[in-house]
Amino acid sequence: MPKKKKKAKILLAEDDKFISLAYKDGLERSGFHVIVANDGVEAIKKFKSEKPDLVLLDIIMPQKNGFEVLEEIKKSKKQKNIPIIILSNLGQDTDIKKSRELGASDYLIKSNFSMSEVVNKVKKYLDKH
Amino acid sequence: MYWKKIKSFWLSRIGIKIVLASLLVSVMVVVNTYFIIARNLKEQKNSYTEVYNSILYLSKAFEMMESFDHQRMFVEQYVYEGGDQTKKDRYIKEKKLFNKIFKNYYNHSCNDIKPLLIKTKDKLNEYNHLLEEIIFLYDKNVDYDLIKEKFIEIDKVEADIHNNYLHKIILHIKHNHIEPAENNILTITQKTIEDILISNIFIILLSVLLGFLVSYSITRPIYALLGAIRNVSRGNFDFKINIRSHDEIGELSFAFIDMAKKLKTANDKIKEYNQNLRKEIHIKTQKLANALEALKKDKKELEEQKLATLNILEDVSESQKKLQILNNKLKRREFELESLKLLNEELTTVFSIEELLDVVSKYLHQIAKNSVCFFAIRDKLRDEIFVKAYLFQPISEKVFKEIYDEFFVYLKKKKIFSKMSKDNIQLVLNGQIDNQSQQYPKASFILPFKVSNNFLGAVHVSFLNLKKARFEYQDLIKAIVASASIALDKLQTLILAQHSRTESLINSLLNGVIMFDKDSKIVFVNPAASSFLGLKTIPKNLDGLLEILPIKNLKKIIQDVQKKGKLIFLDDCQIQNRYYELYIVPVKDYGRKNVGVAFIIHDITQRKQIEKMKSEFVSITSHQLRTPLTAIKLFSDMLVNGNIGNLTKKQKEYVNNIRQSTERMIKLVNDLLNISRIESGRIAINPQPVDLIELIESVIESIRPLSNNKRVKIIFNKPKRKWPKINLDQNLIRQVVNNLIVNAVRYSYDGGKVEISLHKYLSKYILIKVKDYGIGISKKQQDKIFQKFFRTDAAVKHVADGSGLGLYVSKMIIEASGGKIWFKSKKNKGTTFYVMLPFSGMKPKKGDRNLIVN
């Protein structure tokens, strides 16, 4: 009997209510299990406890911003290689560069990417991993 | 008549005469000789005949002798050849023959010889008897010896005959016949010669006479002519020649007479001319004589004048000598004046005290090469006293100190400076201290720099060479010092005035200004700079400042600026929580010489803050705007995709409208962000090798949905050969190309065409051409096309939405890349856009921002 494919767990760190709802809906619709964190601290906590397969990380968040979260996540030895996609509306070069330096796998500007495009990216990075 | 003519012509010729005369003579000679010879030859003939006959006799005699010999021979033969009868017969024949011959001979001989002949005959008969005896004996066959005896007998008789008879006969012929005849011939010949000679002598005499006659006929007229010539040569043209002959000489004389006549007339003319000439000469000579008299008078006068002049010259030469001396003095003075003039000129060009001292020392050096000068000046600007020593010759330290002390004493004594002590004097040395040097001052003097009773300083000149320590130079040195004093005073005043002006100006600036001189000493720090740097005291020099300015390699940068004379701009210097821009500039004087370096400090903290604020604002705004936009987009996407249930057609349409508007807003936000970044000038340019053809094709491909929608055909006229890759920023150039092609398509009429082509332009640039046949741009609106947010009315009508930022951004990008963008358009006909970029491509530019690609 073929093993039932386990649903991939995705941690979504996003402070905006609507956007997090939209992404959660879209991702779940695509067959992913989504865990939402509404601020930086929560994101770190849930990362450690839930052990997701991929992280979608916003930058502008209360408590701690996305970069700080990224740094924190990358410290953990076990979950260092989990793909982290930055989903932000900041588009400055410096931000992209910084995120890359801190170990993000990709950087997407929310307003430029449609849901399906985001989903594809997620799939891509999950497959890679 | 004919004969007379011939006679007169030919016989008158001298040549003919001579010929005839000689002919006559030779004829006479010949005829004479002939006759004489003819006569004598006849006589000779007889003698020859005589001789001929004698010879005949002689031959006959020989014949006989021969026959005689033959007889014997035959007998011998008969005897010795065995009695051959033929021989005997022959002997008998021979004997008969001999007798015949003898008879003949006897008959023809002369009577003298006949007796001898008879005798001979007898003897011969005897001989014959003997011979016949031999024959008889032989016939009798007598003993051979007997025959031999007989032969010996015969020999004797034969010998006798030969010697006494035959021989005598021959002699007789010779003496009596031949020799006389011979003598006769000789005599005749001699006679002939004598006759010829004598007769010819007569003829010769005759011919001589004839010759005289002929020559006389020639010479007489010649002498006449000669006489006439002599007359003529003497000048006597009146003469008469009596010449009758018409031969050559006659002709000559006629010609001569002619010539003489002509000469006479010429001579007369010459005489006449001569006379006239003489008259004239006489007159002229008179005139000359008069003139000469006058000249003599003048000469006398000149002589007197000459003497006077000589006296004057003497005086002049004396004055000249005096003048020379004065001249020398003048030259010296001129030199001194010139030096002073030059000095003054140079002094007007100095802008610092150091320069002034350098100039003054240079002139002093010209006068006194072996010397040492010490200058003491108060620098009013810095309010310090400094002493500068120029050692034109190296001196020892001991001597240096001595001079310095002496100078110091003087300064103190004369109270040149107030508040002076050895401690607060700055000593500057120009020249070498050489402790081996034996030089010391042989003479010296000290002069103050004084202007209207104010002391500015002093100079101490020490001559190391006594020869030069002449007092004649003192005046010049005094003059130099006087000029220098005035210049120094002026300079100080000027410097102070300028300085205070400049100072007040700079002090009022909001920018900080710090000025260093060539030795990196701080000349000036304005209040603004002090406050910026938090300076409580002004540091003495650069090193003191470097501690406060936290800039790497600042010292090296300053040296660079000094050397190259180009300013350096340092952005972002942070000093104590404030931000500054630092300009390090070379300071040049009027002569464009570098005299130092200045720091211009510009407080840009506020600007930075504003920028930061702007940046933050943009950042926040973009984020703040984007967040809700994203949400709208996501939810409307979900609605349209039927993720939350199917929609009716109309509902779908409305949701799509929401999506489209959202897209527009997102795009607008992106555009605004891009503009903000472009205007901040912080867009990075990262050129990489880009295949333009590929890029254009890819852009065309990406907008295929749009072009298909409008049924607009995009034609790309690819260049035939592959183009090399050009260094371009992929994103930026793509933006521009995208913008132009999208515009071309959007503003075309349905079913129209857009032409894109690539060209090489002036072999240094690439040219991208995008041509459409669409709505075009009216002339009135053409100059606003590149403005922010501008869209033509026609464009708005044709295509509802558009930010009006595309061309603005494109222009910014192209111009930042060192290129040009322009267009040509006609309303309703179409528009062609041109983009020109250098082949060398875009230059990389550092920046922390990228354009957002829509």
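Here is how names work: the chains are called A, B, and so on, in the same order as the sequence lines, proteins then strands, and each is numbered from 1.
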Residues, nucleotides or ligands: over 12 heavy atoms within 6.0 Å of A/E101 CD | yes
Any chance you could lay out the side-chain contact (heavy atoms from CB on, under 4.5 Å) test for B/N670 and A/N112, step after step, and finish with the verdict? CA-CA 9 Å; B/N670 286 340; A/N112 291 349; 3.3 Å; yes
Filtered by a 4.5 Å non-hydrogen cutoff, the part of residues 66-76 of chain A contacting chain B is none
Taken to the nearest 0.5 Å, the spacing of B/R626 CZ from A/K110 NZ works out to 10.0 Å
dist B/I644:CD1 -> A/R29:CZ (nearest 0.5 Å) comes out at 6.0 Å
So does B/F789 have more than 12 non-hydrogen atoms from other groups sitting under 6.0 Å from CZ? yes
Requested in this report: Tell me, with the steps shown, if B/K633 and A/I19 meet side-chain contact (heavy atoms from CB on, under 4.5 Å).
Outcome: CA-CA 10 Å; B/K633 181 176 162 160; A/I19 293 176; over 6 Å; no
OG of A/S111 to CD of B/E663, rounded to nearest 0.5 Å, is 9.0 Å
Rounded to the nearest 0.5 Å, the CG atom of A/L21 sits from the CZ atom of B/F635 at a distance of 4.5 Å
Side-chain contact, heavy-atom cut-off 4.5 Å: B/T630 with A/D16? no
Of B/L634, B/D637, B/N641, the one forming a side-chain contact (heavy atoms from CB on, under 4.5 Å) with A/S114 is B/D637
- OH (B/Y579) with more than 12 external heavy atoms under 6.0 Å: no
### A/F18 atom CZ, over 12 foreign heavy atoms within 6.0 Å
no
Fill in: B/M638, CE atom: more than 12 neighbouring heavy atoms under 6.0 Å
yes
OG1 (B/T627) and CD1 (A/I60) are apart, to the nearest 0.5 Å, by 8.5 Å
Applying a strict 4.5 Å limit to non-hydrogen atoms, the region of A/I59 in contact with chain B is neither
